Amino acid sequence: MTDWPKQTPANMNVFYGNPDTNRDGRADGMWEANNLTRIVPPYKMVLAWDKTRVVSTIVVNKKCAADLLAILTEIKDHYGSQEAIEKARMHLYGGCYNFRLKRGGSSLSIHSWGAAIDLDPERNGFGVRYNEAKGMMPKAVVDIFKRHGWTWGGLWSKADAMHFQAADI
């Protein structure tokens, strides 16, 4: 298991590279070319906001790409069929790499380094207190991510149960 960096901008930049070296508020193309890659999900995923669009690849930082692929493969193996994955709503992709500020914040989101993924945002809305009994993020999925050292946002003071990151708080 990889020791993921603390989620400070300095630690993230050292580990994942600085996505905005010239500080113009946009991701640097050279950084993207050198640090991002695409993985093919091991099961059918669709965009959470447009279920007619299949996710053929996920853009993620090279340093956590193999780990994310292993996690998604474990999710596939845990559920055993596409039907079971869909019943658990783990096919609903909410995003991975997205250069942006944290919601309501002034620092970069972990998504800006391509080191976070959101799953089933519809049932796991930002700021919604986690409750698995209401169909929110399955504990089995949380446990899979945790075994890989990823941090889950479901129990944060401002809950973000859709969110998993390859960065420590």
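Here, residue 1 is the first one in the sequence, and each next residue gets the next number. Here the structure is a predicted model, which is why all the values come from computation and not from measurement.
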Minimum side-chain heavy-atom gap [X]-[Y] below 4.5 Å:
X      : Y      : answer
Trp156 : Thr151 : yes
His78  : Val141 : no
Asn124 : Met136 : yes
Glu83  : Lys87  : no
Leu119 : Met162 : no

Looking at [X] and [Y], would you say the former's side chain and the latter's main chain have a donor-acceptor pair under 3.5 Å?
X      : Y      : value
Lys139 : Glu132 : no
Thr57  : Val40  : no
His111 : Cys96  : yes
Trp113 : Pro9   : no

Specify the closest pair of heavy atoms between [X] and [Y], including all atoms of both residues, with the distance to one decimal.
X      : Y      : value
Asn22  : Asp28  : OD1-OD1, 3.3 Å
Ser56  : Pro41  : O-CD, 3.4 Å
Ala65  : Val60  : CB-CG1, 3.6 Å
Ala159 : Gly154 : CB-O, 3.7 Å
Ala167 : Met12  : CB-SD, 3.7 Å
Tyr43  : Met90  : OH-O, 3.0 Å

Query raised in the report: Is the closest side-chain donor-acceptor distance between Asn11 and Thr8 under 3.5 Å?
Result: yes
Requested in this report: Kindly write out the residues that satisfy salt bridge (charged side-chain N to carboxylate O under 4.0 Å, His left out) with Glu122, not counting sequence neighbours, or none if the list is empty.
Outcome: Lys51, Arg89
Query raised in the report: Who are the side-chain hydrogen bond (donor to acceptor under 3.5 Å, both in side chains) partners of Trp150, not counting sequence neighbours?
Result: Asp67
Query - CA sep, side-chain torsions, deciding dist, call: Trp31, Asp20, side-chain contact (heavy atoms from CB on, under 4.5 Å) - result: CA-CA 8 Å; Trp31 176 86; Asp20 186 17; over 6 Å; no
Query raised in the report: Should we count CZ of Arg129 as having more than 12 external heavy atoms under 6.0 Å?
Result: no
Requested in this report: I would like to know whether Leu68 and Phe164 meet side-chain contact (heavy atoms from CB on, under 4.5 Å); could you show each step before the answer?
Outcome: CA-CA 10 Å; Leu68 180 57; Phe164 297 92; over 6 Å; no
Query raised in the report: Do the ring centers of Trp152 and Tyr130 come within less than 6.0 Å of each other?
Result: yes
Query raised in the report: Would Leu47 and Val55 count as a side-chain contact (heavy atoms from CB on, under 4.5 Å) if you check the C-alpha gap in whole Å, the side-chain angles of each, and the deciding distance to 0.1 Å?
Result: CA-CA 6 Å; Leu47 294 179; Val55 175; 3.8 Å; yes
